[in-house]
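Encoded as structure tokens, the structure appears first; notes follow it.
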Amino acid sequence: MVEPLFCNIKNNSTLYRYISDMFGVCSYFILEQDKLIIIDPGKFDDSVFAWLNKFNNLRNIVYITHEHFDHHYNANKVFDLENTYFFSPSEKFDIALRDIRKNLSFYYNDPIETVADSKMFESFLRVIKTPGHSEESYCFVYDNILFGGDTIIDKKYLVLKLPGSNKNDYENSINLLKEQLVKDSIVLPGHGEFFDFEKW
Ligand SMILES: [Zn+2]
């Protein structure tokens, strides 16, 4: 079930979350007047597609925090919806999404090759490249909200031992985020509950 988390009265937007039964991936949805931003289309059940259908008059824009397949399991199905675009941060990112070894789906015998036809290169969210958990990890910022993917995440879920992980890169990414984020930022991570960045 897609559940509302926050409302922003200033710009009339609502933020929703769906928690997948596959690895507990959190997908987020920012509903604005003229568009729906979808962050990490993991494994969705029918209720999510029914919910998405309610907004088929809006433009959908899909963001993916990193290449690991659990964060874009159903992306191809979402790309098939009308008026849907994928924000592509780089060509390397797009290649990693369809590489079943880089996205790790090969190792789970569940090959996922995510390919978007309609791409967008300009972003509605602030995009910060944050390698470390994986080579192609990104964080996205919306107002005072940080979509942390598997990068800024409760430490009990933090993994830096996968193929493509790099501890030095991770430290640099964390320092970069500390420089760039406003005070009182709230983190919406790829797994688990949201929390204050400063208390992390
Ligand atoms: Zn991951």
Side-chain angles (χ1 to χ4, degrees), residues 17-30 37-45 48 62-79 86-116 123 125-142 145-178 181 185-195 197 200:
R17 174 178 69 182
Y18 172 75
I19 302 176
S20 169
D21 61 8
M22 182 190 226
F23 307 148
V25 168
C26 297
S27 306
Y28 299 101
F29 307 87
I30 304 168
I37 296 174
I38 302 167
I39 295 141
D40 280 357
K43 193 171 189 183
F44 288 166
D45 68 13
V48 181
V62 176
Y63 285 74
I64 297 173
T65 56
H66 65 295
E67 66 270 44
H68 294 155
F69 76 112
D70 51 328
H71 292 260
H72 54 94
Y73 192 89
N74 270 148
N76 285 335
K77 230 173 137 181
V78 173
F79 295 151
F86 165 61
F87 168 71
S88 166
S90 75
E91 183 63 26
K92 248 184 106 183
F93 188 82
D94 299 358
I95 291 167
L97 287 186
R98 58 176 185 259
D99 182 324
I100 59 172
R101 285 181 172 77
K102 281 207 156 101
N103 74 28
L104 306 182
S105 60
F106 171 81
Y107 305 102
Y108 289 83
N109 288 318
D110 194 358
I112 297 292
E113 297 177 36
T114 291
V115 181
S123 180
L125 307 177
R126 187 143 68 91
V127 179
I128 304 175
K129 187 165 188 192
T130 52
H133 167 70
S134 73
E135 278 175 49
E136 290 297 316
S137 282
Y138 287 82
C139 286
F140 304 117
V141 182
Y142 179 79
I145 289 174
L146 175 77
F147 296 97
D150 284 356
T151 299
I152 307 296
I153 190 162
D154 191 318
K155 297 207 166 113
K156 67 175 181 269
Y157 298 115
L158 179 62
V159 182
L160 297 176
K161 284 182 181 164
L162 294 166
S165 291
N166 182 311
K167 283 186 183 163
N168 280 339
D169 287 351
Y170 187 77
E171 273 175 34
N172 292 335
S173 294
I174 301 308
N175 289 334
L176 178 67
L177 284 170
K178 283 182 177 163
L181 291 181
S185 287
I186 296 168
V187 180
L188 301 190
H191 306 259
E193 270 311 317
F194 58 87
F195 52 86
F197 182 65
W200 181 63

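Numbering of ligands and ligand atoms starts at 1, following listing order.
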Please determine whether salt bridge (charged side-chain N to carboxylate O under 4.0 Å, His left out) holds for the pair Arg101 and Glu67, giving the CA-CA distance in whole Å, both sets of side-chain angles, and the decisive distance to 0.1 Å. CA-CA 10 Å; Arg101 285 181 172 77; Glu67 66 270 44; over 6 Å; no
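Around the NZ atom of Lys129, the shell of radius 6.0 Å holds more than 12 heavy atoms that belong to other residues, nucleotides or ligands.
Taking Ser27 as the reference, nothing meets the side-chain hydrogen bond (donor to acceptor under 3.5 Å, both in side chains) condition, with sequence neighbours excluded. With sequence neighbours left out, the ring-ring contact (aromatic ring centres under 6.0 Å, His included) criterion links Tyr73 to no other residue. Every residue meeting the side-chain hydrogen bond (donor to acceptor under 3.5 Å, both in side chains) condition with Arg126, not counting sequence neighbours, appears here in chain and number order: Gln180.
By the criterion of a separation under 2.8 Å, the protein N/O/S atoms near the Zn ion (ligand 1) amount to His66 NE2, His68 ND1, His133 NE2, Asp150 OD2.
Taking the ring centroids of Phe147 and Tyr63, they lie at or beyond the 6.0 Å cut-off.
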